[in-house]
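One structure is given here, and the rest of the page talks about it.
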There are 2 protein chains.
Amino acid sequence: MPRNRPYAGLPAREVALIGRLTQQRANVLKALMAVEGFVGAQALHSRMADDGSPVGLTTVYRTLNAFADAGRADVVRDDNGERLFRYRPGPDHRHYLVCTACGLSMPVDSGPVEDWVEKTARTSGFANVRHTVELAGLCPDCTQEQAPAR
Amino acid sequence: MPRNRPYAGLPAREVALIGRLTQQRANVLKALMAVEGFVGAQALHSRMADDGSPVGLTTVYRTLNAFADAGRADVVRDDNGERLFRYRPGPDHRHYLVCTACGLSMPVDSGPVEDWVEKTARTSGFANVRHTVELAGLCPDCTQEQAPAR
DNA sequence: GTTGAAGTGATAATCATTTTCATCTAGCTT
DNA sequence: AAGCTAGATGAAAATGATTATCACTTCAAC
């Protein structure tokens with residue numbers, strides 16, 4: 001393993017966003033990018049340990065937060081208040097339908113909401129309007145697994 | 001103070017929703033209804049203590065959760081992950097534009113979002129889709145106070 | 001290579017929320 | 001009116017995610 005290319009394989013634009021280049025951060029980012037949907041910091045931490053890239057939980061939190069601050073990750077909260085992160089390849093603003101059971105996330109066409117938000121902000125007299133839109137439910141697979149079980 | 005009418009002054013329809021009628025619950029509900037915008041459980045708890053209606057923090061949490069479960073309170077999460085509650089007079093589902101500076105909340109016409117959510121849920125194959133829509137910004141008053149200040 | 005600022009991570013601290021559990025009470029039943 | 005008991009209360013402890021500490025390590029500029 002190349003000792004001095006910790007960020008090998010990562011998109012170049014990600015590197016500049018989070019400060020110094022270290023092996024740990026590279027691993028956290030790779031792990032985050034490898035996940036399909038949203039992941040919690042703890043889940044990512046133990047997943048990395050299982051994959052042979054153990055990193056301190058503190059570092060996972062720090063890197064994830066830095067990445068979210070840089071706008072390269074979406075953050076949602078699940079019902080327990082836990083923050084879930086998701087890698088965002090592009091700079092575009094998206095909304096997702098997240099499965100509460102398996103974490104699978106499906107991008108949804110949020111055009112209508114964006115329009116509504118924009119119009120509402122304009123007519124309200126409020127400045128600097130930010131919006132949070134979260135959809136959560138049971139994905140088809142998890143619905144099947146659950147229904148016959150009872 | 002009437003010892004045997006703890007729910008005096010509360011809308012009758014609220015009574016049936018939360019089980020047994022106790023002085024403490026009545027006080028929590030009255031306190032919640034007296035608040036303009038959203039309140040956290042802790043804030044409500046200390047506000048009640050200041051007002052001379054001390055109630056255990058546990059009971060505040062329990063009552064607030066029961067009320068939210070019954071659909072009579074809206075719940076949002078602030079940036080710290082704290083849950084904020086707001087009394088909802090009618091049974092209708094509303095969304096609000098909340099001022100980040102003063103907490104003022106203004107109901108917005110959420111019809112378009114509801115439609116969009118419903119359509120998205122229907123076409124996604126997901127079951128049991130819940131949605132969270134939060135708008136936050138600076139209300140006109142706070143905008144004025146802030147702009148000239150710098 | 002030296003050096004200093006930045007990063008790491010085990011551990012402890014925080015903080016909102018939930019559990020526990022011994023005690024109390026609303027609101028029937030007799 | 002007294003008794004009964006499931007439901008309610010609340011102080012204290014537990015939980016669980018996240019953040020702060022701090023001694024130690026490492027990146028990367030010189």
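Quick note on labels: first sequence line is chain A, next is B, and so on, each numbered from 1. Since the model is a prediction, treat every value here as computed from it, not as a measurement.
- Residue B/H95 comes nearest to B/V133 through the heavy atom pair ND1-O, 3.3 Å, listed as atom of the first residue, atom of the second, then distance.
- For B/V39 against B/A43, the heavy-atom pair with the smallest separation is CG1-CB, 4.0 Å.
- Applying a 4.0 Å cut-off to non-hydrogen atoms, the residues of residues 51-63 of chain A that approach DNA chain C are A/V55, A/G56, A/T58, A/T59, A/R62, listed by residue number.
- In the hydrophobic clustering, B/Y61 connects to B/L57, either directly or through intervening members, whenever side-chain heavy atoms lie under 4.5 Å apart.
- Counting to the nearest Å, the P atom of C/dT8 and the CE atom of A/M48 are 11 Å from each other.
- Heavy atoms of B/N80 sit nowhere under 4.0 angstrom from any nucleic acid atom.
- As rounded to whole Å, 14 Å separates atom P of C/dT17 from atom CG of B/D69.
- Rounded to whole angstrom, the span from the CG atom of A/D78 across to the C1' atom of D/dT18 amounts to 13 Å.
- Pairs of residues two or more places apart, or lying in two chains, never qualify as side-chain hydrogen bond (donor to acceptor under 3.5 Å, both in side chains) while including a residue from residues 43-58 of chain B.
- For B/L64 and C/dA16, the CG to C1' distance is 13 Å, given to the nearest whole Å.
- Of the candidates D/dT18, C/dT17, D/dC27, the closest approach to any side-chain atom of A/E82 belongs to D/dT18.
- Cluster partners of A/Y96, using a side-chain heavy-atom cutoff of under 4.5 Å among ILVMFWY residues and allowing indirect links, are A/F38, A/V76, A/L84, A/V98.
- Separating the CZ atom of B/F85 from the C1' atom of C/dA16 is a distance of 11 Å, rounded to the nearest angstrom.
- Nearest to the side-chain atoms of B/R20 among the listed nucleotides C/dA5, D/dG10, D/dA8 stands D/dA8.
- OP1 and OP2 of C/dC15 both lie 4.0 Å or more from every side-chain N or O belonging to B/Q42.
- For B/E82, there are no salt bridge (Lys or Arg N to Asp or Glu O under 4.0 Å) partners at least two apart in sequence or on another chain.
- Residue A/Q24 places at least one side-chain N or O closer than 4.0 Å to OP1 or OP2 of C/dG9.
- Identified under the salt bridge (Lys or Arg N to Asp or Glu O under 4.0 Å) test for residues 126-137 of chain B, with sequence neighbours left out: A/D79-B/R130.
- B/Q23 places its CD atom 11 Å from the P atom of C/dG27, with the value rounded to the nearest Å.
- Map B/R77 and A/H45 each onto its nearest nucleotide of DNA chain C; the residue landing nearer the 5' end is A/H45.
- Here the P atom of nucleotide C/dG7 and the CG atom of A/N65 are 14 Å apart, to the nearest Å.
- The interatomic distance linking B/R25 (CZ) with D/dG10 (P) rounds to 11 Å, in whole Å.
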